[in-house]
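Since this is a predicted model, take the numbers as computed values, not measurements. Note on naming: letters A, B, ... go to the chains in the order of the sequence lines (proteins, then strands), and numbering restarts at 1 for each one.
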Amino acid sequence: MQFSLDFIKELVDINISPKKLSSLLTMAGMEVERLESKGKDWILEIEVTANRYDWLSIIGIAREISVCLNKKLKLNYPKIKTKPTLKKRKIIIESPQDCLFYIGRLIRGVNITNSPQWLQERVLNCGINSVNNIVDITNYCMLKWGTPLHAFDDDKIEGNVYIRRAKEGEKLITIDGKERELFRDNLVIADDKKVIALAGVMGGKDTEVDENTKNVFLEAAVFSPLTIRRSRQKAGLVTESSYRFERAVFSDYLECASQEANLLIERLADGKLIGYGKAGRKPLTKKKVISLSINDLNSYLGSNIPKDSIKKILSHLDFQVKDRGSNGLQIISPAFRFDIKEKVDIYEEIVRIYGYDKIEPCLPFLPFQLNQDELFEFKRKLRSFLPILGLKEIITYSIVSEKNLKNLGKIESINITNPLREQENTLRPTLLTGMLDTIMYNLNRNQRNLRFFEIANVYIKDRDNFKEIPKLSLGVSGIREEFFFLKGIVEELLNFLNIAQYEFREDSLPNFIQALMVVIEEEPVGFFGKLDEKVRKELDLKENIFYGEFNLELLKSFKKENKYKPFSQYPIVYRDISLGLRKDINFKKIGDTIREVGKEFLYNYRVIDVYRGKDLPQDSNFFTLRIFYQSKERTLTSEEVDTIHQNIRDELSKKEGIIVR
Amino acid sequence: MEKEISKLEEEFQKDLSLVKGGEDLEKLRIKYLGRKSPINKLFTQISHLENREEKALLGKNINSLKEKISSIIEEKLKSVEIKEDRLDLTFPSSQAYLGSLHILSIVNNIICSIFERMGFVVIEGGEIEDEKHNFSSLNIPLQHPSRDVFDTFYLDIPESNDGRLLLRSHTSPSQIRVMEKNKPPLAVISPGRVYRPDKVDASHSFMFHQIEGFAVDKGINFSHLKGVLTYFAKSFFSSDVELRFRPHFFPFTEPSVEVDVSCIICKSKHLEKGSEYKCSVCRGKGWLEILGAGMIHPQVLENCGIDYKKYSGFAFGMGVDRIAMLKYGIEDIRLFYQNDIRFLEQFYI
Ligand SMILES: [Zn+2]
């Protein structure tokens, strides 16, 4: 909200610089976000918090300044004139829960001109356009008192004035020139024939005050905040008026604002009041009575504020304060403070004026309490482990487009009912989307050697319910031997979790080829594989992408404690063996044979060389394996090793499809 | 057989005399000691002999020849001149490939560990929430201007007893969940993703990260809140950073406060009299807002079944993205979610 300092000065004397004033107000909870000079005036842009409707007025700002500067508020209440009574028309509230009180003043013989300089400046410097003397006067009074007013061209109102809900399909052209379709949620002002205003939000074009206006019907009202909120939401608009009504108006000031506008119209536009009418009843404003213990207050704040200071602060803020024993006070809140409901509200009032900065910081002693979140700990461990494998963490959006998901086949997902854009309208049921986006983004920028991981939730529809599942995704592209790199990563991950018993099962998964399911105790915990041709074409991807996804809750459930495993101190020796393996046969056959024959003397084996050549049979792959031998109990003699190794050679050469060279 | 042994030795001596360098020696070693060498062949031959004594004798002779040959070769190897190739030390290095954590994870870790040092424990909450936990229990009426800052994505899941389902628009629901389930004393910190339908630009994102923290116990007061947050800000930014506690309004705390730190970019230039210097980060104000906090509203405690006459508590919440941007001078929030490798590789763990 924007306010003019000169306008504020009509109500309070200010003897400090605008800059000092700004920081003073900011530290009292009225944050001045911007301070700017404009001619001789200063503009204050103030963030008014949702609880302080009363700060949406010059009076409210001036009152706060008067407290901070210890000055008197120079507020004169005008004498309310309610005669003569309005005879020309009736004011009829048809929807009493939406409109509690309505005042109309019929002012005749107005002379429409530009406003005098001072009035133009007042409204302009508060961020409102100057229109003509009548409109500027209504805005001036709204700014001052915080209660919005509206002026109709009385000659364009046909018959009585009604305050009612709109009928579906009714239409109104508002003063911004837009034709609006109205709904039951809209509260309107209407005459016998038509809708003349969107109540509390914006007036109608047809009844607008213009240069030909002779007679004015001046409206002041108390509308239900909730009604105005719904109505303006339905209309998709926020105005100076709706903003105030939605937060509350103080009914005691309603008559003041209307009367002052009346007086100004008489003075600046030669108008004359010829009828005052009203409908409904002025809502009663309740004052809250709260008793307060000084000790409780100080122990809640960790402060030592003396009773005298408390009393002084509260009186400045228009609270009535009475002593109740040496430690107690009885406090009555001013009528306009709708936000004061209980003790803590008073605490805040006291401490914000006393000064937050005067309370000494102190560290509490926090006793032993809850256990750590185990899943969070697990994720934290993974986050410290995965970078060791050379993977970079990424963070991608949980909200994706349904269309992109369709590229990955039909995956059911949880949709957003009020999406901002089509690109973000559903919750992802897989981390694949984010990984693909990241890899494609980087490939498109000529980056290769991509190795990423992400830890995040996926969201699954579960009949009428939902599941949020924490997952780990792995993605690599543009490196050599991607599949086996990824396989190695998965093996290291399982090692890290001390999961020794697991199985890689070949499986056909949608969108993937060369896919392995990782199975622990017959439970699939995840998979990894190569993105298939179809998806790559869909995405126009030239590079291969290898991807894996794991369920973190399951991985965590199979995780075992890491215990030291003793290893043999006897020497490790190795022998090499060159093999050919027919392409339709899995290496698993070789591995199983080596383990079977090598038994307790087998330490490990590793491919150390792969051959390719035109002179080699094309139906097989050729490579050299290095087999390591070791005993747990003694040093193996070279003859022993030769014998075991020879046995492995013999056994392998018997297998179909394996060539020992 | 013995003849063959001596013939083999002669042959070896002859070959040896022709040796010129290390490479020849290696060839010689493979020829006489390798797997397919004549010596190995001799071993295989004698394994077929029937006469045990003969077998033993010949075996001994072959072995001594093998040892002799290998010691000669070894001796010779020592005398061969070591000739290393010149290495061009100015050649470009080979690239080390490093893994890393995302900067938001790093900042998250730093923040959590500061609070853990003070005795807080980390408990994560869910991202899919209901209206009760995201709003009502936090004293935010469903239809009220105080809700306007919490614009929310709703989900097409049938409504529960606790209202419509949505993506949480702040991490405060975690506070409610923990307080509903556990009795004080409590000191919890809860990080995670939050969502708001904001148009994406340099400083807005429909997904971002927050950390919620709160403590509830007998005798927890406002000065404790100040103490905890001061310790945090000084640990996270630097010990010379100044803090400013400003009154503010949140529906779920009373009194409420916004906390600013003195601008870490322009330091105290703003304080110099007559200085026209305008910092682009704090816009010349000299202060940066980093978090919102306050004493937990008694109604919120009561909503969670905690007796507010016995217990009191404070709560605070901060945006991780914003704090990371301030600390590392990152000017565009979109960089966090683009995952450009040139961005990722600037941060480690
Ligand atoms: Zn700065």
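- The residue among A:Thr426, A:Ile455, A:Ile399 with the most heavy atom pairs within less than 4.5 Å of chain B is A:Ile399.
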Item to check | Working for side chain to side chain donor-acceptor pair (under 3.5 Å), residues B:Arg246 and A:Thr26 | outcome: CA-CA 7 Å; B:Arg246 259 187 303 114; A:Thr26 296; over 6 Å; no
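- With a 6.0 Å cutoff to the six-membered ring centre and a 45° limit on the axis angle, A:Lys392 counts as a cation-pi contact of B:Tyr97.
- Note: B:Pro298 leads B:Pro298, B:Ser312, B:Ala215 in heavy-atom pairs under 4.5 Å with chain A.
- The aromatic rings of B:Phe222 and A:Tyr356 sit perpendicular to each other, their planes meeting at more than 60°, with 30° as the lower class boundary.
- Between chain B and the residues A:Glu246, A:Gln233, A:Arg352, the most heavy-atom pairs under 4.5 angstrom are made by A:Glu246.
- Note on A:Arg445, A:Glu31, A:Arg421: by heavy-atom pairs under 4.5 Å with chain B, the leading option is A:Glu31.
- At a cut-off of 3.5 Å, with distance as the only test, no side-chain donor of A:Thr396 or B:Tyr337 sits close to an acceptor on the other residue.
- Formation of a donor-acceptor pair under 3.5 Å by the A:Asp373 side chain with backbone atoms of B:Ser190 is not found in this model.
- With salt bridges taken as basic N to acidic carboxylate O contacts below 4.0 Å, one links A:Lys379 and B:Glu124.
- Heavy atoms closer than 4.5 Å to chain A are found in the side chain of B:Ser205, but not in its backbone.
- Donor-acceptor pairing under 3.5 Å is recorded for the side chains of A:Glu393 and B:Ser105.
- A salt bridge links A:Lys461 to B:Asp156: at least one charged side-chain nitrogen sits closer than 4.0 Å to a carboxylate oxygen.
- Heavy-atom distances place no part of A:Leu386 under 4.5 Å from chain B, backbone and side chain included.
- Most heavy-atom pairs under 4.5 Å with chain B, from the set A:Phe453, A:Tyr347, A:Tyr459: that is A:Tyr459.
- Residues A:Glu454 and B:His102 fail the side-chain proximity criterion, which asks for heavy atoms closer than 4.5 Å.
- B:Tyr195 touches chain A through its side chain: at least one heavy atom from C-beta onward sits under 4.5 Å away, while N, CA, C and O do not.
- At least one test fails for A:Arg52 against the ring of B:Phe249: distance under 6.0 Å to the centre or angle within 45° of the axis.
- Using a 4.5 Å cut-off between heavy atoms, A:Ser398 touches chain B through backbone and side chain atoms alike.
- Using a cutoff of 4.0 Å between basic side-chain nitrogens and carboxylate oxygens, A:Arg380 and B:Glu116 are scored as salt-bridged.
- For A:Glu424, the part sitting under 4.5 Å from any heavy atom of chain B is the side chain, from C-beta outward, and nothing else.
- Interface check for chain B: of the options A:Met27, A:Arg229, A:Gln372, the most heavy-atom pairs under 4.5 Å are formed by A:Arg229.
- For A:Gln447, the part lying near chain B is the side chain, with the backbone staying farther off; criterion is any non-hydrogen pair under 4.5 Å.
- Contact annotation for A:Val351: only side-chain heavy atoms (C-beta onward) come within less than 4.5 Å of a heavy atom of chain B.
- Residue contact with chain A, scored on non-hydrogen atoms closer than 4.5 Å, is absent for B:Leu243.
- Within the 4.5 angstrom heavy-atom criterion, only backbone atoms of A:Leu391 (N, CA, C, O) approach chain B.
- Looking at B:Asp198, the atoms closer than 4.5 Å to chain A (heavy atoms on both sides) all sit in the backbone: N, CA, C or O.
- For chain A, the nearby part of B:Asp217 is the side chain; its heavy atoms alone come within less than 4.5 Å.
- Note on B:Gly227, B:Gly99, B:Pro247: by heavy-atom pairs under 4.5 Å with chain A, the leading option is B:Pro247.
- Using a 4.0 Å cut-off between a side-chain N of Lys or Arg and a carboxylate O of Asp or Glu, B:Glu127 and A:Lys467 do not qualify as a salt bridge.
- For B:Leu167, the part sitting under 4.5 Å from any heavy atom of chain A is the side chain, from C-beta outward, and nothing else.
- Comparing A:Pro367, A:Gly302, A:Ser23 by how many heavy-atom pairs each has under 4.5 Å with chain B, the most go to A:Gly302.
- Within the 4.5 angstrom heavy-atom criterion, atoms from both the backbone and the side chain of A:Asn449 approach chain B.
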